[in-house]
Peer 1: 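One structure, as structure tokens, below. Some questions next.
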Amino acid sequence: MALRTSGSVLVVFLWSVAGLQVKVTGGHQDKTLTCSTTCTLTGNPTYIWYKNEQHLDESTSPQYKDPVSSNNEDGYSCAVKGHEDLHSPSVCVQGQDCNRVNYTKRRICALKGSTVDISCTYGSGYDTVTSSLWFSPKQSARWSGKLIPEDITTDPGYAGRVEYGGEKERGRSTLRITDLREEDSAEYKFIFNTQSSRWGYSFPGTTLTVTDLQVKVTEAGKRTLTCITTCTLTNNPNPTYIWYKNGQNVKEKSSSLYSDYFSDADSYSCAVKGHEGLLAPSVCENCWSVTYNHQRICALKGSRVDISCSYTYPSYHEIKKVFWFTKWSGMDPEDLRSVPGYEGHIEYLGDKKSNCTLRITDLRLSDSAEYRFRLITSGGKSAGSPVSLTVTDVVLEMDPTSVSEEERVTLTCRTKCTLDPITAYSWYKNGQPIPNSNTSSPVYSLFPVSSEDAGRYSCAVEGHDDLPSPEEILTVTYGPKNTSVSVSPFGEIVEGSSVTLTCSSDANPPVEKYTWYKKNVTSPKASGQSYNITNISSEDSGEYYCEARNKIASSNSTALMIIVAGKQTSVMTTAVGIVVVVLVLILGLSGFMWLRKKASKSTSDTRDTADNRQGDSNPVYDNISGMAMTPTATQTAANVDQDDVHNASVHFSRSKNQEVPLYSTVQLPQPQKQDEDVQYADVKFNHPSSATQPAAAQAAEEDPSVLYSTVN
């Protein structure tokens with residue numbers, strides 16, 4: 001029922017939410033749409049029409065006035081203005097196949113701390129549904145794209161509290177939210193994507209209201225207690241109420257009212273049957289009370305938690321004992337400080353006045369329990385309602401754990417319960433933080449995956465980076481890469497020696513087979529990671545390469561040129577031999593010339609005198625023997641003149657009385673200036689033929705000690 005006032009007139013609209021329907025009448029070409037209800041609406045309501053979730057028209061008539069689309073995929077729905085969130089289910093006008101999302105309930109009221117299911121049915125006309133998700137528009141501020149909703153399972157505020165159910169093959173989906181909080185009150189929508197469109201974004205969804213229980217005290221003649229909620233519980237509209245006095249169950253009633261004799265020293269609370277752990281705060285006048293800041297606490301394994309608590313008791317009482325407990329031993333609760341395993345593990349931070357805070361350090365999974373505070377005074381005793389503590393560890397879920405390159409891996413950081421607050425998640429690879437990976441989402445994706453992404457991954461909640469999850473190992477498979485060939489021994493390869501070629505390649509799984517090839521040879525030369533060529537010959541010269549193969553792919557190396565040299569034709573050996581021979585000749589010639597110069601010293605003065613009588617100061621002697629120049633010498637001189645090179649032809653003949661062979665001393669020319677021509681001395685030793693030579697000259701010619709030389 002909804003109320004609307006207009007002046008002094010109260011207009012009441014009554015309708016059945018389930019009864020708001022679109023009726024289709026008429027023939028195939030002239031269909032009429034009517035927005036109908038199971039009861040008659042009072043007043044003059046305005047009807048709103050939607051086509052494929054888009055606002056079409058508003059009219060006071062329940063009939064849609066414009067022509068109906070003939071598109072088989074189009075769906076129509078209607079609503080009453082002022083209550084747009086309560087529109088009718090979508091109707092496929094031209095058939096049964098059209099895009100639609102119909103929610104099971106438009107409004108849901110649920111208790112704080114309880115669990116709720118939000119369901120819908122959906123379908124597509126002729127396209128295949130490729131993906132779907134639930135979202136809440138109130139979270140749009142954190143979306144990367146303002147009009148692109150993000151899956152509610154990635155929202156840190158819902159971490160560990162939401163899951164999907166339903167039957168996708170039958171077009172049904174359910175969003176389940178556990179451990180409800182007041183801030184979960186919002187609208188929730190379902191969308192699905194096809195290859196050509198996204199459906200459900202702008203259509204109204206299901207509105208969830210989360211309420212807690214309160215005890216209201218009224219006094220009209222006598223004191224009355226009422227257990228109230230801010231909305232009517234959807235799943236339990238007529239609940240059974242349980243009443244507690246000083247923490248003890250005293251009555252169960254179908255009515256929310258409780259009337260009895262009330263003592264100012266007593267405290268009262270209530271709960272709904274089926275949710276006995278979700279008690280309303282206690283009320284009292286002059287009574288016992290224990291109040292907690294949080295009824296439910298989620299904490300990380302290994303961390304520290306403080307259960308904040310305060311209490312009251314009659315002022316004329318004296319505190320005798322205060323303690324926390326989780327179990328009862330016989331009739332009395334057992335002080336945690338005396339329970340084995342809690343020594344040094346818990347600390348009471350409260351006092352004996354009003355503070356009863358409990359600290360638990362180095363939390364263990366076994367510490368998950370319901371904790372209660374107990375106080376004993378000189379005039380009585382009381383215990384508070386339980387505080388639920390859940391200790392969770394951080395678990396990294398990797399899907400999948402083994403992939404090929406270019407695929408996607410999704411990492412999800414999960415906890416059993418929702419930590420409050422969570423600002424971000426931290427991600428690690430091989431124990432080191434992944435740069436720029438902190439995110440408010442518990443989901444982290446690797447795409448596209450490369451071989452460098454393989455390793456050990458973990459996650460942590462920001463602020464608790466010292467408490468990371470156990471590591472999960474990501475394996476990345478890939479074909480051979482960086483395939484190469486190496487040769488041993490390194491250097492020149494000589495005929496008759498042995499050579500080993502080795503193939504190297506990076507692959508996962510490892511290379512299964514190596515095959516060796518020689519260019520321009522069709523058949524493989526060998527197999528195996530190493531290829532050994534013994535007693536190598538020149539015929540083995542050529543380009544060699546290897547193929548590495550695993551079950552994923554294969555890869556060839558670059559070709560390696562092998563050149564085989566002959567045994568005696570080594571270039572280096574030949575070069576070294578030439579250098580040695582030249583050095584020996586130079587040294588031998590220098591020594592010989594020095595000895596000859598020393599031997600001819602005694603005759604040099606005689607030659608100098610003869611030179612002076614000729615009146616020629618030049619050290620070159622011309623035609624000393626008086627013989628005519630031979631034709632060969634003349635021709636040589638003529639040729640040299642043509643090249644502008646200065647030549648001197650010197651002839652030596654032996655005197656009849658000379659008993660010692662005549663040797664010529666040739667002096668090297670002095671260095672010339674760069675712009676002067678280089679002078680050459682052509683020294684020839686000519687002897688007459690044996691027919692005309694004197695006997696002494698012939699003897700000299702036959703003497704092997706005589707030097708015949710041409711010096712350039």
Side-chain angles (χ1 to χ4, degrees), residues 104-105 107-119 157-158 160-163 165 174-186 188 206-217 224-258 260 267-284 289-299 307 309 325-328 368-373 382-392 416-418 420:
T104 305
K105 296 176 181 176
R107 292 181 179 273
I108 296 178
C109 175
L111 275 177
K112 176 182 176 182
S114 66
T115 297
V116 67
D117 288 343
I118 304 174
S119 301
Y158 292 91
R161 298 193 300 125
V162 294
E163 61 182 21
T174 299
L175 170 67
R176 172 168 290 180
I177 309 176
T178 61
D179 189 20
L180 284 171
R181 306 168 180 177
E182 292 182 8
E183 57 266 28
D184 293 336
S185 297
Y188 295 86
T206 295
T207 300
L208 170 66
T209 302
V210 179
T211 180
D212 58 356
L213 288 171
Q214 299 287 337
V215 176
K216 182 179 179 182
V217 181
T224 301
L225 306 181
T226 307
C227 194
I228 62 172
T229 58
T230 56
C231 57
T232 302
L233 299 177
T234 303
N235 295 332
N236 195 0
N238 298 304
T240 297
Y241 295 92
I242 303 174
W243 287 94
Y244 298 87
K245 178 179 179 180
N246 298 328
Q248 302 299 316
N249 185 336
V250 292
K251 188 172 292 188
E252 293 185 9
K253 297 183 61 177
S254 59
S255 171
S256 62
L257 300 178
Y258 178 53
D260 200 351
S267 64
Y268 295 87
S269 182
C270 66
V272 172
K273 193 169 186 177
H275 301 283
E276 287 83 355
L278 305 175
L279 279 75
S282 298
V283 296
C284 60
S289 69
V290 178
T291 305
Y292 308 110
N293 287 2
H294 300 283
Q295 290 281 150
R296 293 176 177 270
I297 298 175
C298 177
I307 304 178
C309 166
F325 67 96
T326 59
K327 299 177 181 178
W328 296 75
S368 297
E370 289 189 337
Y371 291 79
R372 300 180 69 179
F373 176 71
S382 180
S385 57
V387 172
S388 177
L389 171 63
T390 302
V391 180
T392 180
K416 296 177 183 177
C417 52
T418 304
D420 187 25

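Values below: every heavy atom of this structure, side chains too, minus hydrogens, waters and symmetry copies.
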Peer 1: Who passes side-chain hydrogen bond (donor to acceptor under 3.5 Å, both in side chains) against Thr209, sequence neighbours left out?
Peer 2: none

Peer 1: Any pair with a residue in residues 225-248 that passes salt bridge (charged side-chain N to carboxylate O under 4.0 Å, His left out), sequence neighbours left out, goes on the list, sorted by first then second residue, please.
Peer 2: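 Counting only pairs at least two positions apart or across chains, the salt bridge (charged side-chain N to carboxylate O under 4.0 Å, His left out) contacts touching residues 225-248 are Lys245-Asp266.
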
Peer 1: Counting N and O atoms only, with roles assigned by atom type, does the side chain of Asp184 sit under 3.5 Å from a partner on the main chain of Ala186, one being a donor and the other an acceptor?
Peer 2: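 Pair absent, no side-chain N/O of Asp184 close to backbone of Ala186.
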
Peer 1: Under the side-chain contact (heavy atoms from CB on, under 4.5 Å) rule, collect the residues that match up with Lys273, sequence neighbours excluded.
Peer 2: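 With sequence neighbours excluded, Lys273 shows a side-chain contact (heavy atoms from CB on, under 4.5 Å) to Thr240, Ile242, Glu252, Glu276, given in chain and number order.
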
Peer 1: If we check side chain to side chain contact (heavy atoms under 4.5 Å, CB included) with Arg176, which of these qualifies: Thr115, Ile118, Val162?
Peer 2: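 Among Thr115, Ile118, Val162, the one that satisfies the side chain to side chain contact (heavy atoms under 4.5 Å, CB included) with Arg176 is Thr115.
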
Peer 1: Got a sec, which residues hit side-chain hydrogen bond (donor to acceptor under 3.5 Å, both in side chains) with Asn293, two or more places apart in sequence or on another chain?
Peer 2: none

Peer 1: Could you name each residue pair satisfying salt bridge (charged side-chain N to carboxylate O under 4.0 Å, His left out) that touches residues 206-217, not counting sequence neighbours?
Peer 2: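 Checked against salt bridge (charged side-chain N to carboxylate O under 4.0 Å, His left out) - neighbours excluded - no pair reaches residues 206-217.
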
Peer 1: In Å, rounded to the nearest 0.5 Å, how long is the span from NZ of Lys112 to OG1 of Thr229?
Peer 2: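 It comes to 14.0 Å.
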
Peer 1: Applying ring pair (Phe, Tyr, Trp, His ring centres under 6.0 Å), can you list everything that pairs with Tyr268, at least two apart in sequence or on another chain?
Peer 2: Phe262

Peer 1: With sequence neighbours left out, what residues match Thr174 under side-chain hydrogen bond (donor to acceptor under 3.5 Å, both in side chains)?
Peer 2: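 Listed in chain order: Ser119.
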
Peer 1: Name all residues meeting the ring pair (Phe, Tyr, Trp, His ring centres under 6.0 Å) criterion together with Tyr371; count only those two or more places apart in sequence or in a different chain, and write none if there are none.
Peer 2: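 Counting only residues at least two positions away or on another chain, Tyr371 forms no ring pair (Phe, Tyr, Trp, His ring centres under 6.0 Å).
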
Peer 1: Check side-chain contact (heavy atoms from CB on, under 4.5 Å) between Ala271 and all other residues, then give those that pass, not counting sequence neighbours.
Peer 2: Tyr244, Leu279

Peer 1: Looking at residues at least two apart in the chain, or sitting in another chain, which of them share a side-chain hydrogen bond (donor to acceptor under 3.5 Å, both in side chains) with Thr226?
Peer 2: none

Peer 1: Taking side-chain contact (heavy atoms from CB on, under 4.5 Å) as the test, write out the residues that go with Ser267, two or more places apart.
Peer 2: Asn246, Ser282, Cys284, Cys287

Peer 1: Got a sec, which residues hit ring pair (Phe, Tyr, Trp, His ring centres under 6.0 Å) with Tyr158, two or more places apart in sequence or on another chain?
Peer 2: none

